[in-house]
Amino acid sequence: MQHVYLALALAAVAGGFVLEYWCRRATVRSLPSSPPLELSDSYGPGEFDKFIHYTREKTQFGNVQGIVSTAAIFLFIALGGVGWADSLAASWASSLGFAAAGPDASLVGDIVRGLVFLAILGVLSAALGLPFTLYGTFVLEERFGFNRTTMRTFLLDRIKGAFLAVLLGGPLVAAVIAAFHLAGGWAWLAGWAVASAFSLLMLWLGPSLLLPLFNKFTPLEQGELRSDIERYCETQGVDVTGVYVMDGSRRSSRSNAFVTGLGKKKRIALFDTLLESLRKDEVVAVLAHEVGHYSLGHIPRIVTVALLRNAALFFLLGLALADPDLYAAFGVQDMPVAAGLVCFGLAVAPLTYVLSVGDNALSRLHERQADAYAEQTLRENLHVEGGASLAGALKKLATDNLANPDPPRIAVVLHHSHPPLLERIRRLNT
Ligand SMILES: [Zn+2]
């Protein structure tokens, strides 16, 4: 089995690169020379050429990043980097006085060893990604006028993110390690329960506790837009506790909107960039789409799918963690739980890649349903042509964001959580 684990991990890294490369090539090859008929009036002078130019540059950047990070990760795994990081963690933990290595490792020793191990991997992967994130934000996005992040905001975001990862991820990892130490044959179930409780807690607290750490929310001023939004929500039986404007423009000129809150009480957040670029009826249509996600029960459905899938993965994890070959495949000694989690994650990467394709397909189905919901409810309850407003909004958002209106099928299947623009506006206009 040892070779099977390693082969799966390396195949996922190399195969993932080949698929992504093929997908980027197909995207560039499928670029049209003029805008599709439905969008002929959507692009301002020079904007379509800018889109073509942006897509090409982004593809080239993706190729460079893909080659460098694939090579680095492939070599790291093949040369036993996982085992090296774990033995470094074990010796640090031992030097701090914890029984972290060998057969008499204690639970606390294993937790300390695991946290140090994950911290080492976290720092390495941040170091590998940082030059690309910097270039992507301050050169590529900057050149096309998207970036509004200052170096200060960028660095503060990174620091806050790292702090949150330690503060939230640390206890989670410790609890999962403890579950596998203490729960015997039912460890996978205990580990799954811990991870599920954590993700439900994040879903509940995230929007109200975490998002305000990164953005400022101010109540939308009273006026026509606000009363239109409230009137629409009332017809849908949605109890709005607040409509807020989020300062998305601090980081980027890209725009969005979302609805948060579990249960009947909802908070609505609109990016300030959305209000800058859309008409009132278009903002209401975007909001109606978001309300559609809630009213159609998309969130609980996605959560249920994720919880069930995680149960299956944790069951497999339980089997794999008991197998000495899993650790040996990556050069790890003593079967520590945290390193086992990473080895397992690498070995099941082909499976998680396939699962993400399924997630995207489900998400695209939900997007189509939310579009139809917005169109129908706006027509029936507010007696307006919501479909046309939503199509107008989607066109503006896509052209402003230089999004590809008609990407090749392979790109949609692998990456897109939303149907392509052209497909959406065709459906809304029929
Ligand atoms: Zn949506």
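All ligand and atom numbering here is 1-based and tracks the order in the structure.
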Asker: Phe61 vs Phe132 aromatic rings, parallel, tilted or perpendicular, using cut-offs 30° and 60°?
Answerer: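 Judged by the thresholds at 30° and 60°, the geometry between Phe61 and Phe132 is tilted.
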Asker: Looking only at N, O or S atoms in Glu367, which is nearest to the Zn ion (ligand 1)?
Answerer: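 Among the N, O or S atoms of Glu367, the one closest to the Zn ion (ligand 1) is OE1.
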Asker: Report yes if the distance between the aromatic ring centroids of Phe51 and Phe48 is under 6.0 Å, otherwise no.
Answerer: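 Here the rings of Phe48 and Phe51 have centres that are less than 6.0 Å from each other.
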Asker: Is the distance between the Zn ion (ligand 1) and the nearest N/O/S atom of His289 smaller than 2.8 Å?
Answerer: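 Under 2.8 Å: His289 contacts the Zn ion (ligand 1) through an N, O or S atom.
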Asker: Give a yes-or-no answer on whether the side chains of Tyr327 and Asp86 include a donor-acceptor pair shorter than 3.5 Å.
Answerer: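 Their side chains do not contain a donor-acceptor pair, so the 3.5 Å distance test is not met.
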Asker: Does the gap between the ring centers of Phe138 and Phe154 come in under 6.0 Å?
Answerer: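 Phe138 vs Phe154: aromatic centres under 6.0 Å.
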Asker: Backbone or side chain, does His293 get an N/O/S atom under 2.8 Å to the Zn ion (ligand 1)?
Answerer: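 Within the cut-off used here (under 2.8 Å), His293 does place an N, O or S atom near the Zn ion (ligand 1).
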